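Have a look at the structure below, then the notes.
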2 protein chains.
Amino acid sequence: MRTSATPKHLDQTLLALADPTRRAILQRLSAGEVRVTELAQPFAMSLNAVSKHIRVLERAHLVHRRREGREHLLSFTPKPMDDVARWMEAQRANWSARLQALDDLLQEEDRVLAPPRKGRTR
Amino acid sequence: MRTSATPKHLDQTLLALADPTRRAILQRLSAGEVRVTELAQPFAMSLNAVSKHIRVLERAHLVHRRREGREHLLSFTPKPMDDVARWMEAQRANWSARLQALDDLLQEEDRVLAPPRKGRTR
DNA sequence: TTGATATTCAACCCAGAGGTTGAATGATGC
DNA sequence: GCATCATTCAACCTCTGGGTTGAATATCAA
């Protein structure tokens, strides 16, 4: 079934990561499960605002919520980040392949402009 | 002077990447310089829309523009992607360190709950 | 000059982010 | 049952993103 890495997924993951508050949340969460209120405490914004950020992270599947009574325990889910990493790696490969091709081309030009020295030039 | 990797930079880079059109543009550009019109051609949107996307990519320093007469030649600049990769790598390290700590803890608990067997329990 | 081409600028539209406040829901503890 | 605590839902505001169209700018070609 292969759920990972459709463009839509990438969009949501990257969008979720493109905010310092949310990155801070992930950082905190990567140290272990935290309750919503506890998580919100250090931020200079309302609990509601943090709650919304959490929803964005959930939508991107970067955060998982486990209900325990009235408390909601949040944890980090790294898989979407792996997908991003894979995309970036593919991009990097593309890029360096192009540089290699360019390099080859330049070397070819050199060979043409300055043929195997045998006197002759000049 | 160290320009790289302030949160603001990361925000702009990740935001720029969080759009399929812009990712496609980067893909195309990683194969070499392209003119704006040429670049816009395959997309089902106005030239102006593509022009705006390009501006977003420039703001994130993912694309460099070289003017040659009336033509603007665009090229891919990979450095901001490296910064993203570095952040993700740090995050990943954090995460696995936590898993390791958790693992150690569980092992410790095991040792406590089931001490070096010597009969005794039951 | 004049006309065509490459590109941006400007104004506008609509949807969605990111924040607020206030009310609703749902578990807990007496 | 009742007050309290943890959390979300709902409505609202403002700003920005992504798109449009139409006009402006700059270069090329004649």
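Since this is a predicted model, take the numbers as computed values, not measurements. Here is how names work: the chains are called A, B, and so on, in the same order as the sequence lines, proteins then strands, and each is numbered from 1.
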Would you check, one step at a time, whether the test side chain to side chain contact (heavy atoms under 4.5 Å, CB included) holds for B:Ile25 with B:Val50? CA-CA 9 Å; B:Ile25 289 178; B:Val50 174; 4.3 Å; yes
Between protein and nucleic acid, restricted to nucleotides 13-15 of chain C and to nitrogen or oxygen atoms under 3.5 Å apart, what atom pairs and distances do you find?
none

Transitive ILVMFWY cluster of A:Val56, excluding itself - 4.5 Å side-chain cut-off: none
Salt-bridge contact A:Glu89-A:Arg86 (side-chain N to carboxylate O under 4.0 Å): no
On the 0 to 90° scale, with breaks at 30° and 60°, tag the A:His61-A:His9 ring pair as parallel, tilted or perpendicular. parallel
Measure the distance from CG on B:Asp11 to P on C:dA17 and round it to the nearest whole Å. 15 Å
Distance check: side-chain N/O of B:Ser46 vs OP1/OP2 of D:dT20, anything under 4.0 Å? yes
Name all residues meeting the side-chain hydrogen bond (donor to acceptor under 3.5 Å, both in side chains) criterion together with B:Arg67; count only those two or more places apart in sequence or in a different chain, and write none if there are none. none
Counting only heavy atoms and a strict 4.0 angstrom limit, can you tell me which residues of residues 48-61 of chain B come near DNA chain D? B:Asn48, B:Ala49, B:Lys52, B:His53, B:Arg59
Could you identify which residues of residues 15-30 of chain B place a heavy atom less than 4.0 Å from some atom of DNA chain C, listed by residue number, or say none? none
Given atom CZ of A:Arg35 and atom P of D:dC5, what is their separation to the nearest angstrom? 12 Å
Side chain of A:Arg65: nearest nucleotide among D:dT8, D:dA6, D:dT20? D:dT8
Please list residues of residues 66-73 of chain A whose heavy atoms come under 4.0 Å from any atom in DNA chain D, ordered by number; otherwise none. A:Arg70, A:Glu71, A:His72
My understanding is that only residues two or more places apart in sequence, or in another chain, count here; which of them pass salt bridge (charged side-chain N to carboxylate O under 4.0 Å, His left out) with B:Arg65? B:Glu58
Is A:Glu38 salt-bridged to A:Arg28, cutoff N-O under 4.0 Å? yes
For B:Asp82, enumerate each residue passing the side-chain hydrogen bond (donor to acceptor under 3.5 Å, both in side chains) test, keeping only those at least two apart in sequence or located in another chain. none
Can you list everything that forms a ring pair (Phe, Tyr, Trp, His ring centres under 6.0 Å) with B:Trp87? Sequence neighbours excluded, please. none
Identify all pairs in which a protein N or O lies below 3.5 Å from an N or O of nucleotides 13-15 of chain D, and state each distance.
none

Are side-chain heavy atoms of A:Thr13 and A:Asp83 found at a separation under 4.5 Å? no
Side-chain touch A:Ile54/A:Leu39, heavy atoms, less than 4.5 angstrom: yes
Apply side chain to side chain contact (heavy atoms under 4.5 Å, CB included) to the pair B:Leu73 and B:Arg35, showing each step before the final yes or no. CA-CA 5 Å; B:Leu73 300 190; B:Arg35 287 187 310 122; 3.2 Å; yes
If the condition is side-chain hydrogen bond (donor to acceptor under 3.5 Å, both in side chains), which residues does A:Ser30 pass it with, not counting sequence neighbours? B:Asn94
Between P on C:dG18 and CG on A:Leu47, what's the gap in Å once rounded to a whole number? 17 Å
Output yes when a side-chain donor or acceptor of A:Ser96 lies under 3.5 Å from a complementary backbone atom of A:Arg92, and no otherwise. yes
In residues 14-24 of chain A, what donor-acceptor pairs under 3.5 Å come from side-chain atoms, sequence neighbours left out?
residue: A:Asp19; atom: OD1; partner: A:Thr21; partner atom: N; Å: 2.8
residue: A:Asp19; atom: OD1; partner: A:Arg22; partner atom: N; Å: 3.1
residue: A:Arg22; atom: NE; partner: A:Ala16; partner atom: O; Å: 2.7
residue: A:Arg22; atom: NH1; partner: A:His53; partner atom: ND1; Å: 3.1
residue: A:Arg22; atom: NH2; partner: A:Leu15; partner atom: O; Å: 3.1
residue: A:Arg23; atom: NH1; partner: A:Leu17; partner atom: O; Å: 2.8
residue: A:Arg23; atom: NH1; partner: B:Asp11; partner atom: OD1; Å: 2.9
residue: A:Arg23; atom: NH2; partner: B:Pro7; partner atom: O; Å: 3.4
residue: A:Arg23; atom: NH2; partner: B:Asp11; partner atom: OD1; Å: 2.8

